[in-house]
Number of protein chains: 2
Amino acid sequence: MLDNTDSHILDELSKNSRITMKELGEKVHLTGPATSARVAKLEDSGIIEGYTIKVNQEKMGYSVHSIIHVYTKNTNHQPYLSFIKNHNQYVINNYKVSGESCYLLECKFQSNAILDEFLTGLSNFVSYKLSIVINK
Amino acid sequence: MLDNTDSHILDELSKNSRITMKELGEKVHLTGPATSARVAKLEDSGIIEGYTIKVNQEKMGYSVHSIIHVYTKNTNHQPYLSFIKNHNQYVINNYKVSGESCYLLECKFQSNAILDEFLTGLSNFVSYKLSIVINK
DNA sequence: GCTTTTTACTTTATTTATGAAAGGAGTTAG
DNA sequence: CTAACTCCTTTCATAAATAAAGTAAAAAGC
């Protein structure tokens, strides 16, 4: 399904998705058009879902990176899901998980004050445990 | 520091980082060279850290997405850190966190069998609690 | 076992984008 | 009032993308 050349292409595009097809071709020992065709195939198959950028959240003013373990009180999760939808500027990921908690909510905030405000709102709908990301 | 046009540029590049500077310029009402200069500035300032792709991990054969709460037994974390470095094909993120656990380890696996094998190895160094991501 | 089809590539030529250079308008500073 | 700076546009040379044609090897069909 995926040969070495394809893996190499994914690898290089992960490192720099704005590389030219010509340059990428040189790295994987193919011509520009051949590389372009390979990439188009990876897109069509859905393996490449899209092209994006890595943004430095610290420099964007989001210095607080937190993981919130969410425990829904009642069976209806909708109020919680609406709440985070209304605060999606803070949300990085919201995973529904098996295990102890119901959701694992990854968020970024400009300050502890704003985190505090968010948590105050959140506590209207669910219980939670807070972790702050220290590194990596 | 960051005006509306810059925000718009970041927004569009997040959606599609392979867009041409000309097209991106049309979206933000600027010419190609002007857009190109803006983007170069965002790169130089470190706000744009890089250009990458979103890969569909399911289609890559990684159907098991897990979050592992790691509790280090002793004060020396190095054995754990070495272990995950040696198994980095499975690792998506390894966050050092405040709160209950010491690390929050996000991993992908091809199967529960491989997850099991990973956990068996992991338990030589640390205690853990396992969560499996069900959605989103 | 030979032909046909398919796949994956290269080469060539055209279209299109990039990037450098020059210049203009508006803003700030002396 | 002038000078310097910022941010943009326009123009043009260069480079890349894309479409089309052709080739070679592997797979499928008879």
Side-chain angles (χ1 to χ4, degrees), chain A residues 1-63 88-90 108 110-111, chain B residues 1-63 88-90 108-111 114:
Chain A
M1 185 183 180
L2 223 77
D3 65 13
N4 280 345
T5 304
D6 288 326
S7 299
H8 197 172
I9 285 172
L10 291 178
D11 212 52
E12 291 297 334
L13 285 177
S14 294
K15 283 191 262 176
N16 176 18
S17 67
R18 272 194 79 86
I19 193 173
T20 64
M21 289 300 116
K22 188 167 173 264
E23 259 187 281
L24 180 57
E26 281 162 20
K27 283 179 189 285
V28 304
H29 309 299
L30 245 56
T31 59
T35 310
S36 191
R38 287 259 191 173
V39 171
K41 237 181 194 177
L42 290 167
E43 289 170 6
D44 293 343
S45 72
I47 286 172
I48 294 177
E49 288 185 325
Y51 299 89
T52 189
I53 51 173
K54 277 181 278 186
V55 173
N56 187 320
Q57 294 298 341
E58 298 260 338
K59 296 205 172 166
M60 292 291 285
Y62 291 94
S63 55
N88 70 337
Q89 72 165 131
Y90 304 126
K108 57 185 157 90
Q110 293 95 334
S111 67
Chain B
M1 183 184 180
L2 224 79
D3 64 13
N4 280 345
T5 303
D6 288 325
S7 299
H8 197 176
I9 285 172
L10 291 177
D11 211 56
E12 291 298 333
L13 286 177
S14 294
K15 284 192 259 176
N16 176 19
S17 66
R18 272 194 77 86
I19 193 172
T20 64
M21 288 302 115
K22 191 169 171 261
E23 261 186 279
L24 180 57
E26 282 163 19
K27 283 180 190 286
V28 304
H29 311 298
L30 244 57
T31 59
T35 311
S36 191
R38 288 259 191 172
V39 171
K41 236 180 194 177
L42 289 168
E43 290 170 5
D44 293 342
S45 72
I47 287 173
I48 294 178
E49 288 185 326
Y51 299 89
T52 187
I53 50 172
K54 277 181 275 187
V55 173
N56 186 320
Q57 294 298 341
E58 299 259 337
K59 296 206 171 164
M60 291 292 283
Y62 291 93
S63 56
N88 70 338
Q89 72 164 131
Y90 304 127
K108 58 186 158 95
F109 300 97
Q110 293 95 334
S111 67
I114 290 171

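Letters A, B, ... are given to chains in the order of the sequence lines, protein chains preceding strands, and every chain is numbered from 1.
Residue pairs meeting the salt bridge (Lys or Arg N to Asp or Glu O under 4.0 Å) criterion with at least one partner in residues 51-62 of chain B, sequence neighbours excluded, are absent.
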Please list, pair by pair, any protein nitrogen or oxygen found under 3.5 Å from a nitrogen or oxygen in nucleotides 19-24 of chain D.
none

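Listed by residue number, A:Ser36 are the residues of residues 34-46 of chain A with a heavy-atom contact under 4.0 Å to DNA chain D. Near DNA chain D, defined here as any heavy-atom distance below 4.0 Å, the residues from residues 16-29 of chain A are A:Thr20, A:Met21, A:Lys22, listed numerically.
Scanning for side chain to side chain contact (heavy atoms under 4.5 Å, CB included) contacts around B:Gln110 gives B:Tyr62, B:Gln89, B:Tyr90, B:Ile114, with sequence neighbours left out. With sequence neighbours excluded, the residues forming a salt bridge (charged side-chain N to carboxylate O under 4.0 Å, His left out) with B:Lys15 are B:Glu12, listed by chain and number. Annotation: side-chain hydrogen bond (donor to acceptor under 3.5 Å, both in side chains) contacts of B:Asn16 (sequence neighbours excluded): none. Applying the side chain to side chain contact (heavy atoms under 4.5 Å, CB included) criterion to A:Asp3, with sequence neighbours excluded, gives A:Thr5, A:Asp6, A:Arg38. A:Lys41 pairs by the side chain to side chain contact (heavy atoms under 4.5 Å, CB included) definition with nothing, not counting sequence neighbours.
Along DNA chain C, the stretch of nucleotides lying under 4.0 Å from any heavy atom of chain B spans, 5' to 3', C:dA17 to C:dA20.
Between the CG atom in A:Asn4 and the CG atom in A:Asp11 there is a gap of 11.0 Å [rounded to 0.5 Å]. B:Arg18 contributes atom CZ, which lies 12.0 Å from atom CD of B:Glu23 (distance to the nearest 0.5 angstrom).
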For residues 27-35 of chain A, which side-chain N or O atoms pair as donor and acceptor with protein atoms under 3.5 Å away, sequence neighbours left out?
from: A:Thr35; atom 1: OG1; to: A:Thr31; atom 2: O; distance (Å): 2.7

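Overall bending of the helix from C:dG1-D:dC30 to C:dG30-D:dC1, expressed as the angle between end axes built from five pairs apiece, is 30° (10° steps).
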